[in-house]
Amino acid sequence: MAGDWVLGIESTAHTFSFGLVDGDGKPRPSASDTIRPTEGGIHPREAAEHHVELSTTLFNKILSENDLSPADIGVVSYSQGPGMGACLRTGAAAARAISTHLDIPLIGVNHCVAHIEIGREQCGCDDPILLYVSGGNTQVIARLEGRYRVLGETLDIGIGNMLDKFARKHGIPFPGGPVIEKKALKWLEANPNPTLEGLELPYAVHGMDLAFSGLMSAANKLVSQGVPFEAVCWSLQEHAFAACIEVAERALAHTGKTEILLGGGVACNQRLRDMSSIMCEERGASSHCPPRMYCIDNGTMIARLGWLEIKHGRTTSLVQSGIDQEMRTDQSPISWP
Ligand code: ATP
Ligand code: FE2
């Protein structure tokens, strides 16, 4: 008889990751590996090859780290979208193989919703406004009538993608976001009371939406004019994060909700976390951030969402188990409280 653990497989882009939740939905840290090209961006086919090569290793690793055998797995959950087609297909294929081999149910889940649900589980917040900031996505989300509705989002590239591209142009390999954070901190250490004078960039807010490519071009221009790179990193973070926090604050005001939950890889950034806390404090709301290992892409969040979906009666048959590169946050019905 199969056990009651849920295995989650994440493969939307650069990271291949296996995670687990137990029969009560309680998460365990993931076994993951991220492809880091020495030059250029992530190539979908190369990332997919990376994922295929690592699937057996990561599967064995997550089992041995938790002292489990394949028979303890009762459900396999995988990211059905959105993401890079070639990468998504590797995760779906691994999930189908495990499901068929162990004769256990399969569940395809929405990657964006998984970022939200692991955050809710970790932070214990009830009905938050979500600021989902990752490489590919930048969205302000609220739950309304059985869906996570997108109240505002980027009109061009994701904020993390913008940080990575800016970094890459200046010789920093993927992922650039954490390096920009360090450079900005270094600038702050040398300039404890910085001003934006000479470091102004365009502001990325358009109503409830955001846009980052103009900001990136302007930051590149500052560097080419000889402004110190670390100063530009600081200014870029200040402008991009303030724009996200402004839209999140307006979402709080419009909906009357009182919690902010951060999620996605860029939510690892301490400055963004601090800005969110300051904004929430000023308006009597609360700001919540999951641990960093659950902000970046991870299999555990896929397992957690799979656990919720199965508990509420949904499974994915083999014929439905294709991928959906363009899956939207508000496409998936949310039936749990
Ligand atoms: P999604 O499919 O949800 O868009 P993703 O593929 O972008 O996800 P994530 O792991 O959620 O993957 O996010 C990765 C992004 O997070 C990268 O752009 C990376 O630069 C950024 N990031 C990670 N840590 C930091 C940090 N400390 N500061 C800023 N950005 C960060
Ligand atoms: Fe992600």
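Counting starts at 1 for both ligands and their atoms, following the listed order.
Given atom 9 (P) of ligand 1, the protein heavy atom at minimum distance is D297 OD1, 3.4 Å. When only non-hydrogen protein atoms are considered, atom 3 (O) of ligand 1 lies nearest to Y132 OH, 2.4 Å. At the shortest separation from atom 28 (N) of ligand 1 among protein heavy atoms lies N269 ND2, 3.1 Å. What sits closest to atom 17 (C) of ligand 1 on the protein, heavy atoms only, is D164 OD2, 3.4 Å. Scanning the protein for heavy atoms near atom 27 (N) of ligand 1, the closest one is E181 OE1, 2.8 Å. Protein heavy atom closest to atom 2 (O) of ligand 1, with residue, atom name and distance, is H111 NE2, 3.3 Å.
The existence of a salt bridge linking R120 and E259 is excluded, since no basic side-chain nitrogen approaches an acidic carboxylate oxygen closer than 4.0 Å.
Put simply, the residue from D156, N161, T154 that forms a side-chain hydrogen bond (donor to acceptor under 3.5 Å, both in side chains) with S213 is D156. With respect to I310, the side-chain contact (heavy atoms from CB on, under 4.5 Å) criterion is satisfied by exactly one of V6, V109, L106, T315: T315. Residue Y148 is tested with Q331, Q139, E117 for a side-chain hydrogen bond (donor to acceptor under 3.5 Å, both in side chains); the sole match is E117.
Remark: distances from the non-hydrogen atoms of H14 to ligand 1 include one below 4.0 Å. Remark: distances from the non-hydrogen atoms of G83 to ligand 1 are all 4.0 Å or more.
Looking at C295, A13, S134, it is S134 that brings a heavy atom closest to atom 1 (P) of ligand 1. Here atom 15 (C) of ligand 1 lies nearest to G135 when heavy atoms of A267, G135, P175 are compared.
Checking T15 against T34 by side-chain atom types alone, a donor-acceptor pair falls below 3.5 Å. Between the side chains of D33 and H51, no donor-acceptor pair of N or O atoms lies under 3.5 Å.
Here the N, O or S atom of D297 that is nearest to the Fe ion (ligand 2) is OD1.
For a threshold of 3.5 Å applied to N or O pairs, the pair formed by G177 and ligand 1 contains at least one separation below that value. Looking at L163 next to ligand 1, no N or O pair under 3.5 Å apart turns up. Where the criterion is an N or O separation shorter than 3.5 Å, residue side chain and backbone included, G160 meets it with respect to ligand 1. Between G265 and ligand 1, at least one pair of N/O atoms sits closer than 3.5 Å.
Residue H115 has at least one heavy-atom neighbour below 4.0 Å for each of these atoms of ligand 1: 3 (O), 11 (O). Close contacts of ligand 1 with I296, meaning ligand atoms under 4.0 Å from a residue heavy atom, involve 10 (O). Near G136, meaning under 4.0 Å from one of its heavy atoms, ligand 1 places the atoms 4 (O), 7 (O).
Contact annotation for Q270 and ligand 1: no heavy atom of the residue comes within less than 4.0 Å of the ligand.
No more than 12 heavy-atom neighbours from other residues, nucleotides or ligands sit within 6.0 angstrom of CD on E281. Within a 6.0 Å sphere centred on NZ of K257, other residues, nucleotides and ligands contribute more than 12 heavy atoms. The environment of CD in Q225 is crowded: more than 12 heavy-atom neighbours from other residues, nucleotides or ligands sit within 6.0 Å.
Annotation for Q237 and R271: closest pair NE2-CB, 3.9 Å, computed over non-hydrogen atoms.
The aromatic ring centroids of F18 and Y78 lie 6.0 Å or more from each other.
Atom CG in N137 sits 8.0 Å away from atom CD1 in I141 (nearest 0.5 Å).
Residue contact annotation: H115 places an N/O/S atom under 2.8 Å from the Fe ion (ligand 2).
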